[in-house]
Amino acid sequence: MRVFIRVAERGNLTATSSDLGLSRGGASAIVSELEKYLGVQLLERTTRRLRLTEDGQHYLDQARDIIAMVEGLEDEIGSSERQPRGRLRIQVPSGLARIVIAPALPHFIDTYPQIQLEILSRNNVPDFIGERIDAALVVGDLPELDIVARPVGKIPYLTVAAPSYLNRHGTPQAPEDLDGHCCIPLLSTAQGTPLPWRFRVQGQAVTFPAHGALAFEAPEAAVAAASRGAGILQLASYLVYDEIRSGRLVPILEDIRPKAQDMHIVHQKHRLKPKKLRVFEEFIIDLNVQVRRKWGIRQVD
């Protein structure tokens, strides 16, 4: 069942064999044996692709439920005594992974030594099937996917600039003042267009179409440019904490700081949540509280 589910998700027998560590024709042989046992054709094979038959689609739907039920039962029966175990593959935004998650992981792996944690540092929409991702951390708007999302914290956003830039160009006092400044927008990894900045004026959400001579897809590059006086930047607080602490960047427009962005952990809808994922969720929730307290950055809900 597990092999067939993977074949159906990947649409490729060779790729499935590689994913599961089988010989080149291993997945094909297992599916053929399954079809022979059931007495029905599950897949229609062509030179270009695989397509589920009607029986194949029905078997896939039921097999997913059965596998999820077995995993849930094993998890439930062993939950009080058995340590969570197995591979856990999580996609995390690159800056969050480097600055916040990675430094805290020694404690996590000491607490759960039987979990093999794999962190993918990506800012794009997660490819759960193709990259075998168990879950992803998403800050801000959720991707338009068939997913289950659990809120695990909030991320304050800051507008910042280098003291050298503010000395040369002055400090803006309102969103409309930004028209006369060099703004450094971040580019959407999905559309490639500049992401608008957000503010909260008299309790109302306001957006500003940031523009300037520079724009970056990678937040770390934008921070490096801003800290050297290239312009004004708005992004997640964890990305600029070190620069603020050292004085290379200073917060501005604090009275109209935007509402904190929600952080969710998301996974595919048809899968039950194993214990290894549940303990990782709790780890992230606790970490978010600890980091916010440590950095002393007030949260705007």
Side-chain angles (χ1 to χ4, degrees), residues 1-22 24 26-28 31 43 45-46 48-52 56-57 60-61 63-65 67-68 71 86-102 105 115-153 155 186-193 195 216-221 236 261-274 276-278 280-281 283-284:
M1 281 186 180
R2 291 182 188 277
V3 172
F4 172 72
I5 290 170
R6 188 66 183 164
V7 169
E9 291 176 337
R10 285 287 260 160
N12 187 296
L13 289 161
T14 301
T16 300
S17 295
S18 177
D19 289 348
L20 301 179
L22 302 172
R24 183 175 178 82
S28 178
V31 172
L43 294 170
R45 301 162 175 83
T46 69
R48 292 188 176 183
R49 65 189 183 95
L50 300 174
R51 189 174 72 85
L52 287 167
Q57 183 62 59
L60 174 63
D61 294 339
R64 279 174 168 164
D65 289 342
I67 293 296
E71 290 178 347
R87 182 187 67 88
L88 186 59
R89 193 171 171 90
I90 306 288
Q91 177 172 307
V92 182
S94 57
L96 186 65
R98 178 177 61 85
I99 298 169
V100 179
I101 306 294
L105 288 180
I115 293 179
Q116 292 82 52
L117 188 60
E118 298 177 2
I119 301 293
L120 303 183
S121 297
R122 310 277 170 77
N123 295 318
N124 57 337
V125 175
D127 178 4
F128 290 104
I129 295 172
E131 297 197 80
R132 295 174 292 156
I133 295 171
D134 295 298
L137 270 175
V138 176
V139 178
D141 298 333
L142 292 172
E144 295 182 3
L145 298 174
D146 192 23
I147 55 175
V148 175
R150 180 189 178 187
V152 290
I155 303 293
L186 295 180
L187 299 173
S188 165
T189 55
Q191 287 84 31
T193 54
L195 295 170
F216 293 93
E217 185 178 69
E220 294 84 353
Q261 295 278 316
D262 290 320
M263 179 168 59
H264 292 85
I265 193 160
V266 303
H267 62 88
Q268 289 175 284
K269 183 171 285 188
H270 65 264
R271 299 192 61 183
L272 288 181
K273 191 180 296 182
K276 59 186 176 182
L277 181 53
R278 295 201 303 271
F280 184 79
E281 287 182 352
F283 161 73
I284 294 297

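Keep in mind it's a predicted model, so treat the numbers as computed, not measured.
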Heavy atoms, side chains only, cut-off 4.5 Å: are [X] and [Y] in contact?
X: Val266; Y: Arg150; value: no
X: Ser121; Y: Val92; value: no
X: Leu187; Y: Leu195; value: no
X: Gln268; Y: Asp146; value: no

Review point. Salt bridge (charged side-chain N to carboxylate O under 4.0 Å, His left out) with Asp19: which residues, sequence neighbours excluded?
Key: Arg6, Arg10
Point to revise | Under the salt bridge (charged side-chain N to carboxylate O under 4.0 Å, His left out) test, residues paired with Arg132 that sit two or more places apart | key: none
How far apart are the closest heavy atoms of [X] and [Y], and which atoms are they?
X: Ala8; Y: Leu52; value: CB-CD2, 4.1 Å
X: Leu277; Y: Asp134; value: CD2-O, 4.5 Å
X: Thr16; Y: Val3; value: CG2-O, 4.1 Å
X: Glu217; Y: Ser188; value: OE2-O, 4.3 Å
X: Ala236; Y: Ile155; value: CB-CG2, 3.7 Å
X: Leu50; Y: Asn12; value: CD1-N, 3.9 Å

Quick one: does any side-chain atom of [X] pair with a main-chain N or O of [Y] as donor and acceptor, under 3.5 Å?
X: Glu281; Y: Pro151; value: no
X: Lys276; Y: Arg87; value: yes
X: Arg89; Y: Glu131; value: yes
X: Asn123; Y: Ser94; value: yes

Interatomic spacing from [atom1] in [X] to [atom2] in [Y] - rounded to 0.5 Å:
X: Ile265; Y: Arg278; atom1: CD1; atom2: CZ; value: 12.5 Å
X: Ile147; Y: His264; atom1: CD1; atom2: NE2; value: 9.0 Å
X: Met1; Y: Arg64; atom1: CE; atom2: CZ; value: 13.0 Å
X: Ile115; Y: Phe280; atom1: CD1; atom2: CZ; value: 9.5 Å
X: Met263; Y: Leu96; atom1: CE; atom2: CG; value: 6.0 Å
X: Ile101; Y: Ile90; atom1: CD1; atom2: CD1; value: 10.0 Å

Exercise for review: With side-chain contact (heavy atoms from CB on, under 4.5 Å) as the test, would you mind laying out the steps for Phe4 and Leu60 before giving the verdict?
Suggested key: CA-CA 8 Å; Phe4 172 72; Leu60 174 63; 3.9 Å; yes
Practice item. Would you check, one step at a time, whether the test side-chain contact (heavy atoms from CB on, under 4.5 Å) holds for Ile5 with Ile67? Key: CA-CA 10 Å; Ile5 290 170; Ile67 293 296; 3.9 Å; yes
Exercise for review: Test Asp262 against Leu142 for side-chain contact (heavy atoms from CB on, under 4.5 Å), laying out the working first.
Suggested key: CA-CA 9 Å; Asp262 290 320; Leu142 292 172; over 6 Å; no
Review point. Hey, mind stepping through Arg45 and Arg51 against side-chain contact (heavy atoms from CB on, under 4.5 Å) and telling me if it holds?
Key: CA-CA 7 Å; Arg45 301 162 175 83; Arg51 189 174 72 85; over 6 Å; no
